[in-house]
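Following: one structure in structure tokens, then a few remarks.
Everything numeric in this text was worked out from a predicted model, so none of it was measured. Sequence positions, counted from 1, serve as the residue numbers for this chain.
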Amino acid sequence: MTVPRDQEMASDPPRNGHSRNGGIGDEVTQGEASEATDAKADSAAAGRVEIEPMETNDVLIIAIGTALFAVAFVILLALRTSLERSGHGRWPWIALSGVIGGLLGLVYCVRRQQRISKVNAQ
């Protein structure tokens, strides 16, 4: 939907390549631009509250996903002949690759959790 130019709100940003005052006085020096950016960043940071990262149990999440892929692999392996007849013979192997990827993710998350707890203990 196109809005006629005379009905645009004053708070709407100018369109690409256009300015509010028709191009008059659009030249801004590098210093003025960086000062304006710094002022905006300082005012935004002053009103913000630091939010602590949420702690999650990544090992449990990855373990549940891996277990679901393993269950899917077993079920799909049992149905392999009918899957091959219908052209979906790759599905069990996709589930198996999910199990392998999940196991790699478990190793990564366990090692990461151990390093984090070691750093927090010091």
Side-chain angles (χ1 to χ4, degrees):
M1 176 176 154
T2 310
V3 178
R5 190 126 177 99
D6 60 336
Q7 293 179 3
E8 288 180 351
M9 296 179 62
S11 62
D12 288 345
R15 294 185 179 135
N16 289 340
H18 300 323
S19 66
R20 293 207 187 283
N21 57 5
I24 302 170
D26 284 348
E27 292 140 13
V28 178
T29 65
Q30 183 73 25
E32 290 173 349
S34 67
E35 287 173 12
T37 304
D38 291 343
K40 287 180 185 177
D42 290 341
S43 66
R48 272 196 203 151
V49 177
E50 281 295 318
I51 298 174
E52 293 294 320
M54 183 172 63
E55 293 198 24
T56 59
N57 189 349
D58 299 330
V59 174
L60 178 65
I61 293 168
I62 300 294
I64 290 172
T66 304
L68 290 173
F69 269 116
V71 169
F73 174 68
V74 170
I75 291 171
L76 292 171
L77 201 57
L79 301 172
R80 194 168 122 205
T81 55
S82 64
L83 286 171
E84 285 176 355
R85 271 188 264 126
S86 63
H88 301 293
R90 292 181 291 172
W91 286 9
W93 313 119
I94 293 171
L96 180 62
S97 58
V99 171
I100 293 169
L103 292 173
L104 292 172
L106 271 175
V107 169
Y108 171 79
C109 286
V110 167
R111 291 182 68 199
R112 179 178 178 270
Q113 190 176 39
Q114 288 171 348
R115 280 189 233 135
I116 289 173
S117 60
K118 185 190 290 184
V119 167
N120 289 340
Q122 293 177 352

What residues form a side chain to side chain donor-acceptor pair (under 3.5 Å) with S117, not counting sequence neighbours? none
For N57, side chain to side chain donor-acceptor pair (under 3.5 Å) partners two or more places apart: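 So N57 forms no side chain to side chain donor-acceptor pair (under 3.5 Å) with any residue.
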Checking [X] now: which residues fulfil side chain to side chain contact (heavy atoms under 4.5 Å, CB included) with it, not counting sequence neighbours?
X: L76; value: L83, W91, P92, A95
X: I64; value: L60, L68
X: R111; value: V107, R115

Mind jotting down which residue pairs meet the salt bridge (charged side-chain N to carboxylate O under 4.0 Å, His left out) criterion with at least one end in [range]? Sequence neighbours excluded, please.
range: residues 94-108; result: none
range: residues 98-108; result: none
range: residues 58-77; result: D58-R112
range: residues 85-103; result: none

Output the rest of the hydrophobic cluster of V74: all Ile, Leu, Val, Met, Phe, Trp and Tyr residues reachable through side-chain heavy-atom contacts under 4.5 Å, sorted by chain and number.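 Members besides V74: none; it forms no cluster.
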Using a 4.5 Å side-chain heavy-atom cut-off and chaining through intermediate ILVMFWY residues, the residues clustered with V59 come out as I62, F69, V99, L103, L106, V110
Under the side chain to side chain donor-acceptor pair (under 3.5 Å) rule, what pairs show up with a residue in residues 66-81, not counting sequence neighbours?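 Those involving residues 66-81 are R80-E84.
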Do I116 and Y108 share a hydrophobic cluster, counting only Ile, Leu, Val, Met, Phe, Trp and Tyr and linking them when any side-chain heavy atoms are less than 4.5 Å apart?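 Unlinked, I116 and Y108 end up in two clusters.
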In this structure, would W93 and L79 fall into the same cluster of hydrophobic residues linked by side-chain contacts under 4.5 Å? no
